[in-house]
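Beneath this line is the structure, given in structure tokens, with notes to follow.
Here the structure is a predicted model, which means the values were calculated and not measured. Just so you know, ligand 1 is whichever comes first in the structure, and atom 1 is the first atom listed for that ligand.
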Amino acid sequence: MFLHNAPRAGGQGMITPTIPLDAQGVHHGFLKLPYSRDDSAWGSVMTPITVIANGDGPTALLTGANHGDEYEGPVALQELAATLQPDQITGRVIILPMMNMPAFAKGARCSPIDGANMNRSFPGRADGSVTQKICHYIATELVPLADIVLDFHSGGRTLDFLPFAAAHILPDKAQEAACMAAMQAFNAPYSVRMLEIDAVGMFDTEVENQGKTFVTTELGGAGMATARSVAIARKGIRNLLIHAGIMAGALQVGPTVQLDMPDDSCFVFSHHAGLIDYLVDLGDPVAKDQPIARIWPADRTGVPPVTCHAACTGILTARHVPGLVKVGDFVALVAVVT
Ligand SMILES: [Zn+2]
């Protein structure tokens, strides 16, 4: 029994894994964070984790439900955790299908415990809130183990995306090239070269700051996964593990459209509340200043709609869901085809 790899004993309010992170074979368990509360005085937040290891090789860290209402990652990673066998890999795969378990359990973007957005809470704090502690553990204990990190996102309950994998424009061009190559290996229908405008607190930024190869996704949204979007996730995981040298086999490669998101000028936000009437759908070409949506009053008849226009030329890459918008809501993202 791998006693030398036994989980560390943690202090009060610290996360301890219930499984070894460096043992050979398959281990399913939890990251256990004591969390005393009204309905469970000595309860814990239990974040499911699977570690599959075989021999010496690279380590991949695969994460889903960073935001709790995004489902392609959890579905595809649950399947991977249940089916991947050690003899299929050389190296190690660390799988967190639901890294933000409190938010996932509620079907919400942010944690119901502390209200925090996990993807704005990195690198976290050892003595912080529940979300900050989970972030701190992942940043200090899991990311350092990894050579390559894949973090699944989609639009959640209020956005819908074209299915894309993304890598960031980075100051270290060798690291950027490694991330772009991993994104191309993932081979989503769309591949986005992305400049993050406000990267502070993101998991992406923490992983990249540690010098790792990082790929993220937006695979759909509207608070659900589809057969098509999960198939993209499933293929992307396999391709990424092959690309990383962890799994043997040939990449499954289909066509991908290269998109550029060079700055925030292609985001459109609503200055009006009402009933949104999209004039284009995801994937449709749009030209700068073209009307892309109308917003009708939601509370009266006989009033003309307000028109929203595209701010740049490209294809509609993300939109708002569901049917009503508030002042300040995101309406559209147009990415540039390269
Ligand atoms: Zn997300």
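Between the side chains of Asn239 and Asn187, no donor-acceptor pair of N or O atoms lies under 3.5 Å. Checked by atom type, the side-chain pair Thr63/Asp151 shows a donor-acceptor distance below 3.5 Å.
Judged by distance alone, with hydrogens and angles left aside, the side-chain atoms of Thr217 form a donor-acceptor pair with the main-chain N or O of His153 at under 3.5 Å. The closest donor-acceptor contact from the side chain of Arg92 to the backbone of Leu21 lies under 3.5 Å.
With salt bridges taken as basic N to acidic carboxylate O contacts below 4.0 Å, one links Glu70 and Arg109.
Taking hydrophobic clusters as Ile, Leu, Val, Met, Phe, Trp and Tyr residues chained together by side-chain heavy-atom distances below 4.5 Å, Leu145 does not share a cluster with Leu150.
Within the sub-2.8 Å shell of the Zn ion (ligand 1), the protein contributes these N/O/S atoms: His67 ND1, Glu70 OE1, Glu70 OE2, His153 ND1.
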